[in-house]
Amino acid sequence: MPISLYNSLSRRTEPFTPLDPQRVTVYLCGPTVYNYVHIGNARGPVVFDVLVRLLRRHYPRVVYARNITDVDDKINAAAQAQGVAIDLITGRFAQAYREDMAGLGIAVPDIEPHATAHIAPIVAMIETLIAGGHAYAAEGHVLFDVGSYPAYGALSGRDTEELIAGARVEVAPYKKNPADFVLWKPSTPELPGWHSPWGIGRPGWHIECSAMSAAHLGETIDIHAGGVDLLFPHHENEIAQSTCAHGGKAFARWWMHNGMLTFDGRKMSKSLGNVLLVHELLQQHPPEALRLRLLSGHYRQPLDWSDGAIAQAVSTLDGWYRVLRDLADVELPAGTLPVPETVEAALCDDLNTPQALAELSQLADQARLEGNARAKAALLGGGALLGLLQQEPEAWFRRGENTVDAARVEDLLLQRRSARAARDFARADAIRDELTALGIVIEDGAQGTRWSVLQR
RNA sequence: GGCCAGGUGGCAGAGUGGUCAUGCAGCGGCCUGCAAAGCCGCGUACGCCGGUUCGAUUCCGACCUUGGCCUCCA
C-alpha cells in the first residue's frame with residue numbers, strides 16, 4: 001500500500017518514495033534540555049513515532065534520528081539561575097525527556113545525537129560555508145549570508161525583502177543583511193565554549209541540526225519533521241545551510257510539520273506560561289490516554305487540550321480494553337500480529353490517525369461480536385501500529401491498584417457472593433457501596449464478578 | 001501590515017459534489033435481583049452571504065471569525 005505524505009515544501013500531498021528504499025532517513029528536531037517538556041512538545045514525537053512505525057512496515061531499514069540540543073543560551077541561563085553546572089542541567093533534563101517519551105509509548109529513536117558531541121562537524125560545516133561565500137565572520141560571530149542563497153524563503157513562502165520590512169527585532173550592527181543568522185557566536189570564560197578558527201565560541205541553534213543530520217543520515221535525507229512553529233526561521237535556515245554546504249544538493253525531500261497544541265484556545269508555550277508538563281500529566285492520567293488524545297486529531301491540525309478530552313480518551317480505551325479483557329482466554333495465532341488494511345490505509349493517507357482510530361473502533365466492535373482469535377489479533381495489530389492497546393487489559397483496569405487493598409476487595413466480593421446466593425440483595429448492595437467507597441467498580445458477569453479501580 | 005491554516009451535531013474529530021464517518025456523552029427499549037457491561041434504536045451538523053451546478057457542508061468569490069508564523073518556541 002503506497003504511502004502519501006503532505007510535503008510542506010510543495011504544499012501538497014505526494015506519494016512517498018525514498019531516495020534509497022534500503023535506507024529511509026528521518027530526522028525530527030528534538031528538545032533543548034533545560035526544563036521538563038510540556039505536552040505540546042510531545043505531539044511531534046508521538047505523531048512521528050507512528051510515522052516511523054508505518055515506514056518500518058514498508059521498508060527494511062529506517063534510520064530515525066531525534067536530536068538533543070544541549071548547548072543553548074536558555075540552558076546557560078537555567079544553570080546560572082539554579083547555581084549548578086551546565087551539564088547537570090542538560091543531563092538531568094535529557095534523561096527526563098527520555099522518560100517522558102517512553103511514558104507516552106514512543107519507541108526509542110535509532111539515533112539521539114547531542115549537539116555538544118558534534119562540534120567538529122559543526123565547525124567544519126561553517127568553514128565550508130565561509131569558503132563557499134555563504135557565510136562571513138564578524139566580531140567573533142559567524143553569520144550566514146542570506147543574500148548568497150537566492151532560494152532563501154522557499155519553505156516558508158517569504159522573500160528576503162519582506163523579512164527585512166517585517167523585522168521586529170533589533171538588527172545587530174555587524175550583520176550584512178538583517179535576515180542573516182548566527183552560525184557561531186563567541187563565548188566568555190563562564191560560558192560553554194570550544195576552540196574554533198573564530199576564537200572560543202559556541203554554535204548557533206540552526207547549524208546543529210544541519211550538521212547532525214548530515215553526520216548521521218547523509219547530505220540528503222528523506223523526511224525532516226518538526227512543529228510548524230519551527231518552519232520559520234529554523235527549518236528555513238537549515239535548508240539554506242545544508243544546501244549551500246553540500247553543493248546545492250537538496251537537504252530534505254519531505255518536510256513534515258505538526259500543528260500546535262492549544263490550551264485555553266492558545267498555543268501551549270513556555271513563553272505564554274500555559275503549559276502542562278508531560279512529567280506531571282503522566283502522574284495524573286493513564287499515559288495511554290495522553291497518547292490517544294495526541295493521535296485523535298490529524299497531525300497538521302491544531303489540537304486543543306482539556307481535561308474533558310482526556311476523559312473521553314480514557315472512556316474510549318475503557319471500551320477497547322473491555323473487549324480485550326473479555327477475550328483474554330482467546331489464544332492468538334502464532335507469529336507477528338497482522339496489521340488490518342483499514343488501519344494501515346488510513347495511516348498511508350498522510351497519517352490520518354483519526355481515521356485509523358475510527359477503524360480501530362470498528363475492529364473493536366468486530367472483536368466483541370465475533371470473539372475469535374482472528375478478530376482479537378486484528379484489534380491488537382491495528383493498535384500496535386498506533387502504539388496503543390499493548391498492555392494487559394487487567395493492568396489497564398487496575399492501574400493504581402497499589403493504593404487499593406486487593407485482599408480486602410477479594411474478601412468483600414466473597415461476602416457479597418454469599419449474600420447474593422442467599423438472595424440477601426440488601427446486604428449485597430451494601431457491600432457494593434462499600435467497595436465503591438474504596439474506589440472499586442464491580443461488574444457481575446457470567447464468569448463471576450470483576451472489579452476495576454475507579455477512573456482517576 | 002505580510003505569509004499560512006482553520007470555522008462540522010452536547011463534546012472530540014474525519015471526510016465527501018448526490019444513501020453511513022467514528023468515538024465520548026445523552027435519551028428510549030431489551031437483558032439484569034439491582035447495577036455495570038452488552039445488544040437494538042434515536043440526533044433535520046457542516047460560520048455568513050452570494051455564485052457555479054439538476055444538486056454544495058464539499059468547488060469559486062466576498063464577508064465575519066479563530067489561531068499560527070514573521071522573535072526563543074514542538
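Remember, predicted model here, so these are calculated numbers, not experimental data. So you know, we letter chains A, B, ... as the sequences are listed, proteins then strands, and number each from 1.
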Rounding to an integer number of angstrom, what distance separates [N] and [M] when you compare their [atom1] atoms?
N: B:C31; M: B:C40; atom1: P; answer: 15 Å
N: B:U66; M: B:C54; atom1: P; answer: 38 Å
N: B:C48; M: B:G9; atom1: P; answer: 11 Å
N: B:G61; M: B:C27; atom1: C1'; answer: 43 Å
N: B:C64; M: B:U16; atom1: P; answer: 28 Å
N: B:C46; M: B:U52; atom1: P; answer: 22 Å
N: B:A74; M: B:G55; atom1: C1'; answer: 44 Å
N: B:A37; M: B:G26; atom1: P; answer: 9 Å

So that I know where these two stand, are A:Tyr36 and A:Phe93 an aromatic pair - ring centroids less than 6.0 Å apart? yes
Mark yes or no: [X] above the aromatic ring of [Y], with NZ or CZ under 6.0 Å from the six-membered ring centre and no more than 45 degrees from the axis.
X: A:Arg43; Y: A:Tyr299; result: no
X: A:Arg398; Y: A:Trp396; result: no
X: A:Arg12; Y: A:Tyr6; result: no
X: A:Arg158; Y: A:Phe232; result: yes

Starting at atom [atom1] of [X], determine the distance to atom [atom2] of [N], rounded to an integer number of angstrom.
X: A:Asn237; N: B:C70; atom1: CG; atom2: P; answer: 12 Å
X: A:Asp349; N: B:A21; atom1: CG; atom2: P; answer: 19 Å
X: A:Asp100; N: B:A74; atom1: CG; atom2: P; answer: 14 Å
X: A:Gln301; N: B:A12; atom1: CD; atom2: C1'; answer: 13 Å
X: A:His234; N: B:A74; atom1: NE2; atom2: P; answer: 9 Å
X: A:Asn352; N: B:G13; atom1: CG; atom2: C1'; answer: 10 Å
X: A:Asp304; N: B:U8; atom1: CG; atom2: P; answer: 12 Å
X: A:Asn258; N: B:A74; atom1: CG; atom2: P; answer: 10 Å

Contacts of type side-chain hydrogen bond (donor to acceptor under 3.5 Å, both in side chains), residue [X], not counting sequence neighbours:
X: A:Asp87; result: none
X: A:Glu434; result: A:Arg408
X: A:Trp320; result: none

Intra- and interstrand pairs of RNA chain B - dot-bracket, Watson-Crick/G-U under 3.5 Å, | marks other strand: (((((((..(((.....[...))).(((((.......)))))....(.(((..]....))).))))))))....
On RNA chain B, check which nucleotide each of A:Arg11 and A:Gln355 is closest to and give me the residue with the more 5' one.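 Final value for this comparison: A:Arg11.
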Which residue lies more 5' along RNA chain B, comparing A:Pro31 with A:Arg293 via nearest heavy atoms: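 On the 5' side of the pair lies A:Arg293.
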For residues 301-310 of chain A, tabulate all N or O donor-acceptor pairs below 3.5 Å that involve a side-chain atom, not counting sequence neighbours.
{"from": "A:Asp304", "atom 1": "OD1", "to": "A:Thr262", "atom 2": "OG1", "distance (Å)": "2.7"}
{"from": "A:Ser306", "atom 1": "OG", "to": "A:Ala309", "atom 2": "N", "distance (Å)": "3.1"}

Of the candidates B:U22, B:A14, B:A74, the side chain of A:Ser361 sits closest to B:U22
As a test of reading the structure: which of B:C34, B:A14, B:A74 is closest to the side chain of A:Arg416, going by heavy atoms? B:C34
Minimum heavy-atom separation for A:Lys270 and A:Val275, please, with both atom names. N-CG1, 3.7 Å
Give the minimum heavy-atom separation between A:Ala378 and A:Pro340, together with the two atoms involved.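 The answer is O-CG, 3.2 Å.
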What does the list of N/O pairs under 3.5 Å between the protein and nucleotides 65-69 of chain B look like, with a distance for each?
{"from": "B:C69", "atom 1": "OP1", "to": "A:Lys267", "atom 2": "NZ", "distance (Å)": "2.3"}
{"from": "B:C69", "atom 1": "O2'", "to": "A:Arg158", "atom 2": "NH2", "distance (Å)": "3.0"}

Where along residues 36-45 of chain A does a heavy atom fall under 4.0 Å from RNA chain B?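 Hits under 4.0 Å, by residue number: A:His38, A:Gly40, A:Asn41.
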With sequence neighbours left out, write down each residue that passes side-chain contact (heavy atoms from CB on, under 4.5 Å) with [X], or none if nothing qualifies.
X: A:Ala135; value: A:Leu129, A:Ile130, A:Val142, A:Leu183
X: A:Ala225; value: A:Leu28, A:Phe48, A:Met256
X: A:Asp70; value: A:Val33, A:Ile68, A:Thr90, A:His114, A:Ala115, A:Thr116

Quick one about A:His118 and A:His216 (side-chain donor to acceptor, distance below 3.5 Å, no hydrogens or angles considered), yes or no?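 Yes, a side-chain donor-acceptor pair sits under 3.5 Å.
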If you restrict it to nitrogen or oxygen atoms, what contacts under 3.5 Å exist between nucleotides 36-40 of chain B and the protein, and what is each distance?
{"from": "B:A37", "atom 1": "O3'", "to": "A:Arg322", "atom 2": "NE", "distance (Å)": "3.4"}
{"from": "B:C39", "atom 1": "OP1", "to": "A:Arg368", "atom 2": "NE", "distance (Å)": "3.0"}

Distance criterion of 3.5 Å, no angle test: do you see the side chain of A:Asp429 paired donor-to-acceptor with the base of B:G33?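 Check passes, donor-acceptor contact within cut-off.
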Quick one: does A:Gln312 reach the base of B:G23 with a side-chain donor-acceptor pair under 3.5 Å? yes
Relative to each other, are the rings of A:His235 and A:Trp255 parallel, tilted or perpendicular (30° and 60° limits)? tilted
Between the protein and nucleotides 58-61 of chain B, are there any N/O to N/O pairs under 3.5 Å, and if so, what are the atom names and distances?
none

Between A:Asp110 and A:Arg66, is there a side-chain N and carboxylate O pair less than 4.0 Å apart?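 The answer is no: the pair does not qualify as a salt bridge.
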Should the pair A:Glu370-A:Lys376 be classified as a salt bridge under the 4.0 Å nitrogen-to-oxygen rule? no
